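Everything below concerns the one structure shown next.
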2 protein chains.
Amino acid sequence: MNIGEIARRAGVSRSTVSYALSGKRPVTAETRRRIQAVIDEIGYRPNAAARALKEGRTRTLGLVIPPAGQRLTDMQLGFVASVVEAAARADLDVLLSPSGGDHDRSFERILTGSRVDGVILMEIRLEDERVARLQDSGLPFVTIGHTANPHGTCWVDVDYTTLIARCVHHLADLGHRSLALVNRSAELLATGYGPAHRAITGFTDAVAQRGLAGVGLTCADEPAAGETCFEQLRDRHPDVTAVVTVNEAALPGIQRGIERAGLVVPRDLSLAGVAARHWAEDFRPQLTAADVPTVEMGASAVDLLLERIAAPDAPVRHLLLTPPISLRASTGPVPR
Amino acid sequence: MNIGEIARRAGVSRSTVSYALSGKRPVTAETRRRIQAVIDEIGYRPNAAARALKEGRTRTLGLVIPPAGQRLTDMQLGFVASVVEAAARADLDVLLSPSGGDHDRSFERILTGSRVDGVILMEIRLEDERVARLQDSGLPFVTIGHTANPHGTCWVDVDYTTLIARCVHHLADLGHRSLALVNRSAELLATGYGPAHRAITGFTDAVAQRGLAGVGLTCADEPAAGETCFEQLRDRHPDVTAVVTVNEAALPGIQRGIERAGLVVPRDLSLAGVAARHWAEDFRPQLTAADVPTVEMGASAVDLLLERIAAPDAPVRHLLLTPPISLRASTGPVPR
DNA sequence: TTCAACGAGCGAATCGATTCGACGATACGT
DNA sequence: ACGTATCGTCGAATCGATTCGCTCGTTGAA
């Protein structure tokens, strides 16, 4: 079912079939009809590899996701879903690369084999070798999240610093004087994971600004760690009345710890953070949180990438979102 | 950076470079060394499109996922992650196709453009047009889940019928005499979604076998619906003391409904079902459930697919798993 | 010494689609 | 009536890698 077969059956040359399909040169209505009839009959679709080879583009985007070993958070999942969705709307396919380490075969394949027209990268660290690799590979790319030096690259991100600060202010307004930040894992922090560091900045600054007591903790991204983490917090800082967190994955465990301590949210302890909207709504009690607009961010990432592919030399663009905090049921006045 | 450039710089012909890389014909150590030096210097990787065109295979698998509009359940996410992981281990890339309706452009692209060597399909309905499309497209494929007529295709699935029956027996053993099944959405049931139908079969048979009272309900795949669903259940069937469910997504809502009714699990009501392991463990209280081995299933699906690609005419193979039920904290003796 | 076998490398064909230049044929302006 | 656009179509080159057939030396056995 190649173009030659179609041409033979329709009694025209291969180039005429191609022009009839692309419309890049005029073709008589009658000829077009005959070609279309043959195509409808035997169900022809141009071979993707041949087209990619000739045109020099693949109509495919690469999406680099965290390795499958670690579970994706709802937020990450939201990005993946919306990127795939947005790409499908533009008639583009998405190639997935689960890439963790820096010597990842899948990652290297994607960026050296001319397999994709552009790449979207998530889970960005402040100093990220993958970003550097992409930069000198010359392949257009957009990141969801941004590095410490954000000016050279295209990215989309939420303003963690501000969001966390707003959580602190919200809690301060409710009368809380002693707050804890439950951050992402110590490993992520050590490797310079952006959101983890920005959370600290936002927390520390806001706490200082309001003259509050603040303690920061790291916690592995899993419920069990959340439980342990809360127990430690309870142990060492019993005066804390409100917890701010960017660690979605640990929250169920934190809540379990809270219950086991015989406490009730928000009566005895307030809880606020940054999370995907669905996640915050499904939490019990519903979580007061900055709802990260994953759908919008994924779509914007694809848009930026398409712009960049079309005009690789245009100045880079960024998108820093600051969604409002949705007040739900997990925060309340400080207990007396 | 094409093979011709390498050949020129190494002072050999293009074919020699190709043979040096593939090893399909002997090449002098010295020549090979010179070629490798050039490659290392300018960083050459063979163009994927050209190779696919010549070889007739793309080293890429297609993975068809539910459309992004609906959130993926933890179980579905588990499949995606493990398929991608298993494919990466075999040095294969994965192309994602979010395909809902039957006239989906992304789906059609994947199976007609020679874009992939094989396809993995999830969320299978008893009568599934996509399976039919794939069958007469001639493209090798494996499904996660199976149709009403399972003999013609390769698939991997869990034995929902048996698992649900086991849940019923477990609850019957605990003394429960009146059970409810909270199924997936009415739409899914109407479109013939396999697990939803098999859940009914397993539930009805086991309930009959043990002489219990059983009521079946459908419930949209979201927490809010779970809450409503539980209220209705409470209203119309106040005698029910145990709920069996295959609807992961609705469970948080069901639990919310239970709490609002002032009940405590498992003291007043037992809860059991089928879910991804992490999900069951993170639930509060931890859920007694058949843990669907998503990692193993995804890996098996890839294995089966690779076999099928290598030998398209070999007899089809199936894999029907029946993981044990993990007893956790959500089931207990019937209240008196 | 001669001839077969083999090792190492080269040239050309091939995969399927796109695209450029060219070539009749028709229409049009002068 | 003649030159010139314009239309519709064709043939051939091209993208980059693989692979088949062939050649030229060298080696080893007869």
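Quick caveat, the model's predicted, so the values are computed rather than measured. As a basis for the values below, the full set of heavy atoms in this structure was taken, side chains included, without hydrogen atoms, waters or symmetry mates. A note on names: the letters A, B, ... follow the listed sequences, proteins ahead of strands, and every chain is numbered from 1.
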Should [X] and [Y] count as an ion pair when the cut-off is N to O under 4.0 Å?
X        : Y        : result
B:Arg59  : B:Glu55  : yes
B:Asp104 : B:Arg130 : no
A:Arg33  : A:Glu30  : yes
B:Arg8   : B:Glu5   : yes

From CD1 of B:Ile3 across to P of C:dG11 the rounded distance in Å is 14 Å
Note to self: Quick check against the 3.5 Å criterion: does A:Thr60 have a side-chain atom that pairs as donor or acceptor with the backbone of A:Thr58?
What the structure shows: yes
So, with a heavy-atom separation below 4.0 Å from DNA chain D, the residues of residues 39-52 of chain A are none
Counting primed atoms, P, OP1 and OP2 as sugar-phosphate and everything else as base, the B/S/- map of nucleotides 20-27 of chain C against protein heavy atoms under 4.0 Å is BBB-----
### Message
Does A:Ser114 reach a base, just sugar-phosphate, or nothing at all? Heavy atoms under 4.0 Å.
### Response
nothing
- Query: When all nucleic acid strands are considered with a 4.0 Å heavy-atom cut-off, which category describes B:Val12: base, sugar-phosphate, or nothing?
  - Reply: sugar-phosphate
*In terms of heavy-atom contacts, does CZ of A:Arg317 have more than 12 from other residues, nucleotides or ligands at under 6.0 Å?*
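Atom CZ in A:Arg317 is not packed in, count stays at 12 or less.
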Span of DNA chain D engaged by chain A, first through last nucleotide within the 4.0 Å heavy-atom cut-off, is D:dG8 to D:dG16
Judged by nearest nucleotide, the residue sitting upstream toward the 5' end of DNA chain C, B:Arg14 or A:Gly4, is B:Arg14
Terminal axes of the helix from C:dT1-D:dA30 to C:dT30-D:dA1 (5 end pairs apiece), angle rounded to 10 degrees, sit apart by 50°
Residue set satisfying salt bridge (Lys or Arg N to Asp or Glu O under 4.0 Å) with B:Arg89, at least two apart, ordered chain then number -> B:Glu85
[X] and [Y]: which non-hydrogen atoms are nearest, and at how many Å?
X       : Y       : value
A:Val80 : A:Ile65 : CG2-CG2, 3.8 Å
A:Ala49 : A:Asn47 : N-OD1, 2.8 Å
B:Ala10 : B:Ile35 : CB-CG1, 4.0 Å
B:Pro67 : B:Pro98 : CA-CB, 4.2 Å
B:Leu72 : A:Leu77 : O-CD2, 4.3 Å

OP1 or OP2 of C:dC10 less than 4.0 angstrom from a side-chain nitrogen or oxygen of B:Thr16, does that happen here?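 For C:dC10, OP1/OP2 do have a side-chain N/O of B:Thr16 under 4.0 Å.
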Query - Contact list for residues 292-318 of chain A, test ring-ring contact (aromatic ring centres under 6.0 Å, His included), sequence neighbours left out - result: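 Pairs touching residues 292-318 of chain A that pass the test: A:Trp155-A:His318.
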